[in-house]
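As the structure lists them, so they are numbered: ligands from 1, and atoms in each ligand from 1.
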Amino acid sequence: MNKTDVLYEGKAKIVYNTDEADKLIVYFKDDATAGNGEKKGTIQDKGIINNKMSEFFFKLFKDNGIATHYLETLNEREMLVKKLDMIALEVIVRNIAAGSLAKRLGYEEGTVLKTPVLEYCYKNDALGDPLLNRYHIMVLDVASVYELDQIEHIAFSVNHIMKDLLRAKNVDLVDFKLEFGRDENKNIILADEISPDNCRFWDMTTKEKLDKDRFRRDMGGVEEAYKEILTRITA
Ligand code: ADP
Ligand code: TMP
């Protein structure tokens with residue numbers, strides 16, 4: 001398996017084409033951004049941690065019957081994945097109010113939600129990734145209702161699986177963001193990454209943040225938090 005050209009370089013990863021047309025190599029960088037790219041920095045060894053955590057969760061999801069793009073871990077920063085036709089949505093699931101939801105609803109951060117909340121954002125940097133509902137998604141032709149039904153089913157299953165695992169590690173799963181794509185048969189497949197960049201993890205007892213909010217909010221202890229949550233999850 002050899003890299004050919006760069007298909008896409010994003011804020012956190014570089015995606016390479018390979019000599020097999022249906023496979024990509026994802027390289028996890030240490031670069032970190034927040035606020036739609038306004039704040040930039042690096043988190044030492046983040047790429048290594050996010051690659052390891054994504055491998056761990058993608059394998060766990062596979063064991064639970066959820067199809068993901070994960071094929072193989074190539075080295076500490078690179079993962080071989082199935083090439084997908086990506087759906088331009090960020091699918092967010094929330095169990096506890098934090099971040100933009102706490103602001104939107106006027107809830108104090110940490111308020112446990114009566115029911116998990118699923119939100120869609122349009123993956124469109126120029127528009128600032130706006131919140132969308134199902135009607136917007138249909139008008140934009142981003143995904144069909146049938147596809148959204150599958151996406152929601154998978155997203156809530158992922159929430160269930162992750163919450164169960166994390167409870168045993170004394171960690172609250174506050175919220176997380178998923179991305180999906182279509183394979184050659186138009187099946188909906190879970191893609192991208194599962195890491196402290198796109199999940200909020202809080203220690204259940206102390207409520208200490210073990211995720212990218214430490215970077216977003218200049219709280220310090222960013223590298224330590226990434227290491228700690230990886231160790232807890234994979235131990
Ligand atoms: P961003 O685009 O938000 O800056 P990244 O730096 O994480 O994000 O770049 C990774 C890109 O690769 C994202 O645009 C993501 O949608 C895309 N991607 C993730 N998994 C796959 C896949 N299996 N096939 C094709 N593209 C993918
Ligand atoms: P938010 O509270 O800022 O909307 O974020 C909700 C969750 O989604 C949080 O775990 C961080 C994640 N997220 C991303 O991964 N990428 C993004 O661009 C945004 C806005 C949030």
Side-chain angles (χ1 to χ4, degrees), residues 6-18 21-40 46-47 50-51 54 58 67-72 77-105 107 109-111 113 116-132 142 155 158-159 162 172-184 187-202 209-217 229:
V6 173
L7 172 66
Y8 176 80
E9 175 158 4
K11 297 184 282 286
K13 304 191 282 299
I14 307 172
V15 182
Y16 295 92
N17 281 309
T18 70
D22 60 340
K23 292 178 184 154
L24 299 173
I25 292 175
V26 177
Y27 176 93
F28 288 78
K29 302 193 280 188
D30 286 348
D31 297 354
T33 63
N36 205 11
E38 281 150 35
K39 180 179 158 85
K40 286 193 175 72
K46 170 172 88 78
N50 289 5
N51 191 26
S54 295
F58 285 139
T68 83
H69 73 162
Y70 176 82
L71 295 172
E72 195 186 330
R77 285 186 186 268
E78 291 182 324
M79 180 181 280
L80 186 70
V81 303
K82 189 186 276 243
K83 183 174 188 170
L84 300 173
D85 165 28
M86 292 302 287
I87 296 172
L89 291 175
E90 297 194 334
V91 181
I92 297 168
V93 178
R94 304 177 184 266
N95 299 302
I96 296 174
S100 67
L101 181 86
K103 281 205 188 96
R104 192 173 323 111
L105 300 189
Y107 277 18
E109 273 210 333
T111 308
L113 301 170
V117 169
L118 185 142
E119 297 172 346
Y120 295 109
C121 291
Y122 193 14
K123 213 172 143 55
N124 184 318
D125 283 341
L127 296 178
D129 297 345
L131 194 66
L132 299 182
V142 166
V158 162
N159 189 37
M162 288 181 75
D172 275 329
L173 179 61
V174 175
D175 56 36
F176 58 93
K177 182 266 294 179
L178 301 176
E179 292 186 28
F180 294 86
R182 304 176 185 94
D183 70 7
E184 63 284 4
N187 294 312
I188 296 292
I189 311 286
L190 180 62
D192 207 49
E193 67 176 280
I194 312 286
S195 75
D197 278 16
N198 48 41
C199 303
R200 285 195 172 98
F201 300 119
W202 293 357
K209 296 183 198 312
L210 299 170
D211 56 58
K212 196 178 165 191
D213 271 351
R214 301 199 75 87
F215 170 83
R216 294 186 188 103
R217 301 179 188 190
I229 190 68

How far is [atom] from its nearest protein heavy atom, and which residue and atom is that?
{"atom": "atom 5 (O) of ligand 2", "value": "Arg200 NH1, 3.5 Å"}
{"atom": "atom 7 (O) of ligand 1", "value": "Lys13 NZ, 2.5 Å"}
{"atom": "atom 14 (O) of ligand 1", "value": "Tyr8 CE2, 3.4 Å"}
{"atom": "atom 19 (C) of ligand 1", "value": "Asp192 OD1, 3.4 Å"}
{"atom": "atom 16 (O) of ligand 1", "value": "Glu179 OE1, 2.6 Å"}

Cation-aromatic face contact Lys39/Phe215, 6.0 Å, 45 degrees:
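Yes, cation above the ring, under 6.0 Å and within 45°.
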Ring pair (Phe, Tyr, Trp, His ring centres under 6.0 Å) partners for Tyr27, two or more places apart:
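In terms of ring pair (Phe, Tyr, Trp, His ring centres under 6.0 Å), with neighbours along the sequence ignored, Tyr27 is linked to no residue.
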Subset of ligand 1 atoms that lie under 4.0 Å from at least one heavy atom of Ala191:
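In order of number, 20 (N).
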At a 4.0 Å threshold, what atoms of ligand 1 neighbour a non-hydrogen atom of Leu24?
24 (N), 25 (C)
Under 4.0 Å from ligand 2, counting heavy atoms only, is it the side chain of Glu179, its backbone, both or neither?
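Neither; no heavy atom under 4.0 Å.
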Using a 4.0 Å heavy-atom threshold (strictly under), name the region of Glu90 that reaches ligand 2: side chain, backbone, both or neither.
side chain
Show me the side-chain donor-acceptor pairs of residues 80-93 shorter than 3.5 Å, one per line, residues at least two apart or across chains.
from  : atom 1 : to     : atom 2 : distance (Å)
Lys83 : NZ     : Asn17  : OD1    : 3.2
Asp85 : OD2    : Arg182 : NH1    : 3.1

Please classify the Leu84 to ligand 1 contact at 4.0 Å (heavy-atom distances, strictly less than): side chain, backbone, both or neither.
both
With a heavy-atom distance limit of 4.0 Å, tell me whether Lys82 approaches ligand 1 through its side chain, its backbone, both, or neither.
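Backbone only.
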Got a protein heavy atom sitting under 4.0 Å from atom 21 (C) of ligand 2?
no
Do we see a donor-acceptor contact under 3.5 Å between the side chains of Arg216 and Thr33?
no
